[in-house]
Amino acid sequence: MVNNKIEVKNFNCYYNHDHILKSLNINIIQNEILTIIGPANSGKTTFLKALNRMNDLNITYSYKGEIFLDKNSIFSMNMEKLRQRIGILFAIPLPLPMSIYENIVYAPKCLKIVNKKQDQDILVERSLKNAFLWNEVKDRLNLSAMKISGGQQQRLCIARTLAMNPEVILFDEPCSGLDHISTEKIETLMTELKYKYTILLVTNNVKQASRVGDKTAFFLNGELIEINQTDKFFISPKNKQTENYITGRYIIS
Ligand SMILES: Nc1ncnc2c1ncn2[C@@H]1O[C@H](COP(=O)(O)OP(=O)(O)OP(=O)(O)O)[C@@H](O)[C@H]1O
Ligand SMILES: [Mg+2]
């Protein structure tokens with residue numbers, strides 16, 4: 001049975017008087033990857049931030065409409081709990097300036113998810129294995145996270161997110177600074193992770209969307225122009241603007 005993990009209902013948001021996201025209606029199905037493509041300034045990052053309420057402290061930001069996670073409004077949830085359930089990763093990996101090991105256990109320790117050293121060890125190993133990083137770092141867990149490569153740092157950030165046991169993971173252009181080998185590792189990882197998590201992937205790489213997404217959505221100027229199963233989306237887009245964008249004919253007006 002299809003289960004809507006997230007339901008976005010007539011959602012609008014604003015920075016001051018600028019209307020950024022416009023009447024969005026999207027259902028995101030559990031254990032699927034939804035990729036979101038669209039030109040710069042189309043509201044992709046703002047949408048991901050809306051889903052884990054990253055803008056709540058921004059006084060210029062306001063919203064109208066609803067977002068449900070498992071049928072419960074995210075706006076009436078405890079913020080810490082919401083962010084544990086919905087993790088977010090950005091283009092530039094931002095490991096904490098501490099060891100690989102501490103990067104994984106820092107937040108779970110703060111939230112008292114793990115206390116005993118033995119449980120921490122288990123969590124570190126499991127998270128790094130699930131992020132396909134364990135074999136590369138298992139002999140140097142005390143090394144500073146700042147000393148591993150960019151692609152490894154991105155997978156460490158994914159491992160750190162997994163350690164919080166989330167239900168949804170939001171990726172905002174996670175491969176934009178990476179070479180094709182690291183990109184391939186992260187794409188493979190995402191397609192594995194969807195069996196356990198629900199994934200949203202914002203990407204500027206149309207080919208990546210066609211490789212990874214179960215569904216693909218096209219955003220333009222804060223509107224959802226089209227959403228469909230990825231194969232149908234790319235083979236026979238219904239909207240002319242979608243077709244122009246995926247064939248590289250989009251011209252900024
Ligand atoms: N904190 C902010 N304050 C004011 N305006 C903002 C803020 N963040 C984003 N915006 C505006 O919201 C609009 C959408 O930006 P957003 O970052 O969501 O676009 P995007 O689709 O992610 O673009 P890109 O592909 O370049 O990352 C832009 O016009 C941007 O200037
Ligand atoms: Mg963005």
Side-chain angles (χ1 to χ4, degrees), residues 6 8-26 28 33-67 74-75 79 82-83 86-94 150 153-154 157-158 161 168-178 182-183 186-187 190 198-213 215-228 230 233-234 237 239 241-253:
I6 294 176
V8 178
K9 299 227 183 274
N10 204 17
F11 186 78
N12 294 267
C13 74
Y14 311 80
Y15 288 116
N16 290 314
H17 296 295
D18 294 337
H19 195 174
I20 307 294
L21 295 177
K22 298 164 188 159
S23 303
L24 290 187
N25 287 288
I26 305 182
I28 299 155
I33 302 182
L34 170 67
T35 56
I36 300 174
I37 58 171
N41 297 328
S42 52
K44 305 179 299 296
T45 296
T46 304
F47 178 55
L48 295 191
K49 286 182 173 174
L51 293 175
N52 82 347
R53 295 177 53 191
M54 278 188 74
N55 275 317
D56 273 30
L57 296 177
N58 181 342
I59 53 166
T60 67
Y61 178 82
S62 58
Y63 71 88
K64 250 179 15 197
E66 258 302 354
I67 301 177
I74 65 164
F75 301 108
M79 190 86 86
L82 174 69
R83 292 192 180 154
I86 303 185
I88 189 162
L89 286 127
F90 293 101
I92 299 169
L94 290 173
Q153 286 184 353
Q154 191 58 295
C157 291
I158 295 173
T161 301
V168 179
I169 308 177
L170 314 173
F171 289 93
D172 194 358
E173 298 181 42
C175 304
S176 66
L178 306 181
S182 298
T183 297
I186 293 197
E187 286 183 5
M190 286 188 286
T198 302
I199 293 177
L200 271 82
L201 166 66
V202 163
T203 176
N204 275 329
N205 181 337
V206 171
K207 286 191 181 144
Q208 180 169 73
S210 71
R211 284 193 294 267
V212 176
K215 287 214 181 78
T216 300
F218 176 52
F219 277 34
L220 184 62
N221 296 326
E223 287 180 61
L224 172 66
I225 303 295
E226 183 162 354
I227 180 167
N228 208 341
T230 294
F233 181 96
F234 283 101
N239 186 287
Q241 288 167 306
T242 310
E243 187 183 337
N244 286 345
Y245 185 73
I246 63 182
T247 54
R249 284 196 292 264
Y250 176 77
I251 296 162
I252 298 167
S253 54

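Order of appearance sets the numbers: ligands from 1, and atoms from 1 within every ligand.
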**Study point:** Backbone or side-chain N/O/S of Thr45 under 2.8 Å of the Mg ion (ligand 2)
**Key:** yes
Exercise for review: With atom 26 (O) of ligand 1 as the reference point, say which of Ala50, Cys13, Ala40 has the nearest heavy atom.
Suggested key: Ala40
Check your understanding: Counting each atom of ligand 1 from 1 as listed, which ones have a heavy atom of Gly43 under 4.0 Å away?
Key -> 14 (C), 18 (O), 19 (O), 20 (P), 21 (O)
Point to revise | Shortest protein contact, atom 28 (C) of ligand 1 (heavy atom only) | key: Asn41 OD1, 3.5 Å
Practice item. Give a yes/no verdict on whether any heavy atom in Ser42 is under 4.0 Å from an atom of ligand 1. Key: yes
Revision key, fill the gap. Heavy-atom closest pair (Tyr14 atom, Lys64 atom, distance to 0.1 Å) is OH-NZ, 3.4 Å
Review point. Which residue and non-hydrogen atom of the protein lie closest to atom 12 (O) of ligand 1, and at what distance in Å?
Key: Ile20 CD1, 3.4 Å
Review point. Do any N or O atoms from the side chain of Glu226 and from the backbone of Thr242 form a donor-acceptor pair under 3.5 angstrom?
Key: no
Study note, to complete from the structure: Test side chain to side chain contact (heavy atoms under 4.5 Å, CB included), reference Leu34, set Ile28, Val202, Ile6, Thr216, output is Ile28
**Study point:** Closest to atom 3 (N) of ligand 1 among Phe47, Tyr61, Tyr15 (heavy-atom distance)
**Key:** Tyr15
Review point. Between Tyr61 and Tyr15, how do the two ring planes meet: parallel, tilted or perpendicular, split at 30° and 60°?
Key: tilted
Point to revise | Nearest-option assignment for atom 20 (P) of ligand 1, heavy atoms, candidates Lys44, Lys49, Met54 | key: Lys44
Point to revise | Short side-chain to backbone donor-acceptor contact, His17 and His19, under 3.5 Å | key: no
Review point. Does some non-hydrogen atom of Glu173 fall short of 4.0 Å from ligand 1?
Key: yes
Point to revise | Atoms of ligand 1 close to Thr46 [distance to a heavy atom under 4.0 angstrom, numbered from 1] | key: 14 (C), 15 (O), 16 (P), 18 (O)
Study note, to complete from the structure: In terms of heavy-atom contacts, Leu51 and Ile74 come closest through O-CD1, 3.6 Å
Review point. Do the rings of Tyr63 and Phe11 sit parallel, tilted or perpendicular, given the 30° and 60° boundaries?
Key: parallel
Review point. Between Thr45 and ligand 1, which residue portion shows a heavy-atom distance shorter than 4.0 Å: side chain, backbone, both, or neither?
Key: both
Review point. Looking at Arg211, Glu173, Gln208, which hits side chain to side chain donor-acceptor pair (under 3.5 Å) with Thr203?
Key: Gln208
Practice item. Spell out, as yes or no, whether a donor-acceptor pair under 3.5 Å connects the side chain of Gln154 to the backbone of Phe90. Key: yes
Practice item. Looking only at distances, please establish whether an N/O atom of ligand 1 is found under 3.5 Å from an N/O atom of Gly38. Key: no
Check your understanding: What atoms in ligand 1 come closer than 4.0 Å to a heavy atom of Asn58?
Key -> 1 (N)
